[in-house]
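In the text below, chain A, chain B and the rest are named by the order of the sequence lines, each starting its count at 1.
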Amino acid sequence: MTDTQVEAVVDDVVRATNVVRHYTLPRESLFRPPAVVQALNGVSFSISRGRSLGVVGESGCGKSTLARCVMALEPLDGGRVEIEGAHLEGLTPDALRDKRRDFQMVFQDPFGSLDPRQKVARIVAEPLEALENLGRAERLERVAEVIASVGLKPTDIDKFPHEFSGGQRQRIAIARALATRPTLIVADEPVSALDVSVQAQVLNLLQDLQDQFGVTYLMISHDLAVVEYVCDEVAVMYLGSIVEHGPAVEVFANPVHPYTRALLEAVPQLVPGRKKRLRLSGNVQSPIDLPVGCAFADRCPQVEARCREGRPVLEDVSRGHKSACFLNARQTT
Amino acid sequence: MSEPVSKNQLMAALTLMTRYRNFVIGAVLTGLVIVCAFLSAVWTPHSAVELAIRSRLQLPSLEHWLGTDHLGRDILSMIMVGAQNSLIVGIVAVSIGVFLGVGLGLWAAAKRGWTEELIMRFSDFTFAFPAVLSAIMITAILGPGAVNSILAIGIYNIPVFARISRGAANAIWSREYIMAAKAAGKGRFRITVEHVLPNITSVIVVQATISFAIAILAEAALSYLGIGTQPPEPSWGRMLNDAQTYATIKPYLAIFPGAAIFLAVLGLNMLGDGLRDILDPRLTRGR
């Protein structure tokens, strides 16, 4: 993959190039090499400033691994991640720590991501303590500021996490992510653990914060509606690779990859039985020992012989809309 | 008006006491040992070390509440001073175990890999011997005496605490808030101090109380065997040893120090169980 289509100077906050992450499983037999899970198989994307990219896919497709790799919480086995112009894997541990103020994370489970023994003030101040050289007063001021911006009461900072509901806890987690005024926030399934009624509130909050502070989001979700609601762009992942990537409106209205189509068809309709659904047969291919050809070949309703021989690459279908499928006219074997 | 309120409060207190029965009984018994130890530092009914051959082997009386031993020493006074001894052994031995053991356990959990493997396999090695046996081995090397027996019991405690804190710490390390702390730029050391340690204290406190009981028992055993506290320093195990010779004719000589050991160990064990119930309700529900 070459960077030929670099459109002048795009202001990208994050740029991932060919990110590879493999996990080696414990050996089952002394005489066979240990199995390797190919969680990420050359993932590339970039997000320009103030925009948001949603990554969707089934569980096990590597989307959470992608989030952790972008956050430099996991080492890469190949490729590079660049945030605000710095290659993360090339930084020394100290420099990386320093850089972390630019990118923060919101986790999936608001019950697990907050230390039950710390009060809100301390939780929210955690990145400040580690990353910013602020005095006590300034720190408290900053905490009060972000607590207010996520819609919590000033008195809440003296409470423990268990005194809050799930939605409020996620607000605390968002406040923590905002504390260092990062330019990128990686949100790994930020609302999937919440009640549906609360999901919209949190998503609205995320959008408001984007309007207010101009943060860039990388949002991981299995819920298409969430991504459609919040994100400008969407990337569809299947078994460690992005199979389709483009503006959210475009992808949802006009999906090109068979997997994306199947995914969109799977969304429950309000009027049942209207449409004949495209159903996927078979199971997700195990990410251990991926086949040579297209990873989706075994379940693809439009599979052809060439799909099992070579792997299609991500190429433009129309401007900004890419797909990795041989059905895409320009794609050659 | 105030009557029913105080009655209600009394009822509430009673309910709490029955709910945490273990804790209350344990605290009372442990408190008794502590009071005896402190009281004996300033006052005992008689001297615990002076010999009075003329009044030897007396049955319990108003003068000597629990009687006297074969050298005429007052049993109650000896038990009280012995409590001091047991308490010091327990505190020092458990402290050695907690500081070094928890340190090693946290280190193992933070580093993983070879460091963890090395620390844990070494603990397994020491863990394979029963408490008293390893204490005997260590005193055999270091020589008999109160200080050496404390050291021996303390060394035995290190792997106990290393294991339990490493296990608990590993569970904490897999929590999402640790990942959040990493994303917030915290290093392993700060995460250990700020997140892991506070979240495993309850486990350590419970283990410390139980280890305290084991330490008292081990010290009594060592003294009984003659390699722990040396005479004339009174110690419960030593008293049992002395009583053995007269066990058939004067059984009460063995009963009182035996009862002291029994009650202290029972009290600490119940206190440990009670603390576990209070600090970690999840564990009780599972049982």
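More than 12 heavy atoms of other residues, nucleotides or ligands sit less than 6.0 Å from atom CE of Met137(B). Crowding of Phe262(B) atom CZ: a count of heavy atoms from other residues, nucleotides or ligands under 6.0 Å not exceeding 12. Within 6.0 Å of the CZ atom in Phe213(A), the count of heavy atoms belonging to other residues, nucleotides or ligands exceeds 12. Residue-environment remark: CZ (Arg122(A)) exceeds the threshold of 12 foreign heavy atoms within 6.0 Å. Within 6.0 Å of CZ in Phe23(B) there are 12 or fewer heavy atoms belonging to other residues, nucleotides or ligands. Counted within 6.0 Å of OH on Tyr23(A), heavy atoms from surrounding residues, nucleotides or ligands total more than 12; the atom is thus considered enclosed.
Take Asp102(A) and apply the salt bridge (Lys or Arg N to Asp or Glu O under 4.0 Å) test, not counting sequence neighbours, and it matches Lys99(A).
Proximity to chain B at a heavy-atom threshold of 4.5 Å picks out Gln108(A), Asp109(A), Gly112(A), Ser113(A), Leu114(A), Asp115(A), Pro116(A), Arg117(A), Gln118(A) from residues 108-118 of chain A, in numerical order. Using a 4.5 Å cut-off between non-hydrogen atoms, the part of residues 124-137 of chain A that approaches chain B consists of Glu126(A), Pro127(A), Glu129(A), Ala130(A), Leu131(A). Proximity to chain A at a heavy-atom threshold of 4.5 Å picks out Met179(B), Ala180(B), Ala181(B), Lys182(B), Ala183(B), Ala184(B), Gly185(B), Lys186(B), Gly187(B), Arg190(B), Glu194(B), His195(B), Pro198(B), Asn199(B) from residues 178-199 of chain B, in numerical order.
Heavy atoms closer than 4.5 Å to chain B are found nowhere in Arg101(A), neither backbone nor side chain.
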